[in-house]
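Everything below concerns the one structure shown next.
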Amino acid sequence: MAQKPSIPKGTRDFSPNEMERRQYIIDILKHRFQLYGFMPIETPSFENSETLLGKYGEEGDRLIFKILNNGAFLDKVDDELLSSKNESVITSKISDRALRYDLTVPFARYVVQHQNEIAFPFKRYQIQNVWRADRPQKGRFREFTQCDADVVGSDSLLQEVEFIKLFDDVFTDLKLNGCTIKINNRKILAGIAEMMGAEDKLIDFTVALDKLDKIGAEQVKTEMLDKGIDPQAIEKLQPVFELSGSFEEKITQMKSLLSESTIGLEGIAELEFIKNKLTTLKMKTAHLDLDITLARGLNYYTGCIFEVSAPQGVNIGSISGGGRYDDLTGIFGMKDMSGVGISFGLDRIYLVLEELHLFPETVKAGVQALFINFGEAEANYCMEWMFRFRESGIKTELFPDAGKMKKQMTYADKNEIPFVILAGEDEIKAGKLTLKHMKTGEQETLSPEDLLKRFAE
RNA sequence: GUGGUUGUAGCUCAGUCGGUUAGAGCGCUGGUUUGUGGUGCCGGAGGUCGCGGGUUCGAGCCCCGUCUUCCACCCCA
């Protein structure tokens, strides 16, 4: 007996209707990316393991899909090592390649490898799948699509301003009004850590702070204590927990809090610059919000960080994110190359648009007219006209088998083909075609030329 | 990686306290004047109840394991 087919955990099939909707989102993204001057690139689905490992932190390494070597891969593993059950060491012996985890690190690798062909600053966009060995849950898959735009080779804060406008433009085009673009700066977080005297605990500190709106101030403090951060230092954080008001008001409060920290003030100055530019340029539908607790997981960010959350009432986490990384290419041996980039989560945006019923009424990409097949002679007559119709840009097809009428009509009906064209003995003799309007059931016999004109309207 | 949850026909789901031959709707298929679909009527096919073990006279139902689904945590798009 044939086994029931299935697909791996966390993966999905996309049927025509879903593909149409995914394509709708992608078309808007591509259009905006190109208007902003980004050029497309693609990179391989898998990379050499050393390119990816160690770039996303310990947790990230765990979530990278490793590809088992081919051939006698066990030759490199002796019994002693095998019985040690040391996964990471054994993995490095039997797996040399891994599926990409995001598009940013492969992009950094690309830039370093192609530096001689590139005129900097280099702006590229990339829409490809990435893979993570995560446990699936709402809005979380093991295979999903990221749509990234990055620019490398420019320190200018105008890039940050442009990216925020890009968020605003894209979400406005998608009719997804009321998104919140949260912005923060790693330098501010570093400044706070400095002020607390907890520079060495920066990562633990930001991860805990990131949870503030989710678990509350008390639990954040508890987590920081657990991570070994000094209680007195945590007390100094109180003003951060109580931060409120408008963007400008928060800036003012942070300024006095970080008055001693050079790096902290630098971060604040950057945010002020960006905010001022955007006040002049104006946002269309998105809101810009300063969120000091925003940390973001990827530890290569060094300056501004962004995250976009869906309009209120949609519980799906972030739908886009990004930030500046001053030294991403440094790990591949190319110094002083600053980059900024953002990533749109196609799959999550899809879920949000679906939940809010924001997909446009699908313009069916299917055929406009189906030729009914009555038999060999009739089919030959139809074929001739079918190809003429196609040359005129009309999407049309001939039912391949001379089967039952009912089956052919049902086919047209199920596929929402608006017109059916019939040509039997009588029509062939008269050199005509019969057009049936599926919705009304009306039909009329007319010359092929007239029929063509009818479709042209 | 941790905790919970789910799995019965192609799909959505019923199935009582463990009790004879596991059901419905939709879909599929055949027929209902053989050149006419979408709404009618009549018929038909289709299930190792996720998989493997166990308890029992007897398991879709109880127990254990495993895979899968969805959700939360960790983390993240």
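A note on names: the letters A, B, ... follow the listed sequences, proteins ahead of strands, and every chain is numbered from 1. Heavy-atom basis, side chains included; hydrogens, waters and symmetry copies ignored.
Across all strands, G10(A) comes closer than 4.0 Å only to sugar-phosphate atoms, never to a base (heavy-atom distances). E223(A) comes within 4.0 angstrom of no nucleic acid atom, judged by non-hydrogen atoms across all strands. At the heavy-atom level, Q137(A) lies under 4.0 Å from base atoms of the strands shown. Counting non-hydrogen atoms under 4.0 angstrom, S343(A) reaches nothing in the nucleic acid. Nucleic acid contact for Q443(A): base, since at least one base atom lies under 4.0 Å from a heavy atom of the residue. Residue contacts shown for G57(A) are absent, as no nucleic acid heavy atom lies under 4.0 Å away.
Judged by the 6.0 Å distance and 45° axis criteria, R390(A) is positioned over the aromatic ring of F387(A).
The ring of F344(A) does not lie on top of the base of A77(B); it is either too far (5.5 Å or more) or too tilted (30° or more).
Each of K407(A) and R142(A) has a nearest nucleotide on RNA chain B; the 5'-most of these lies closest to K407(A).
With a 3.5 Å ceiling on both atom-pair distances, the Watson-Crick or G-U wobble partner of G43(B) is U29(B).
Checked by atom type, the side-chain pair Q126(A)/R124(A) shows a donor-acceptor distance below 3.5 Å.
Across U6(B) and G10(B), the matching P atoms stand 23 Å from one another, rounded to whole Å. Rounded to whole Å, the C1' atom of C28(B) lies 25 Å from the corresponding atom of U33(B). Atom C1' of G15(B) sits at a distance of 16 Å from the matching atom of U20(B), rounded to the whole Å. For the P atoms, the distance from G65(B) to C73(B) is 26 Å, rounded to whole Å.
Looking at the side chain of D426(A), the nearest of the listed nucleotides C28(B), U36(B), G35(B) is G35(B).
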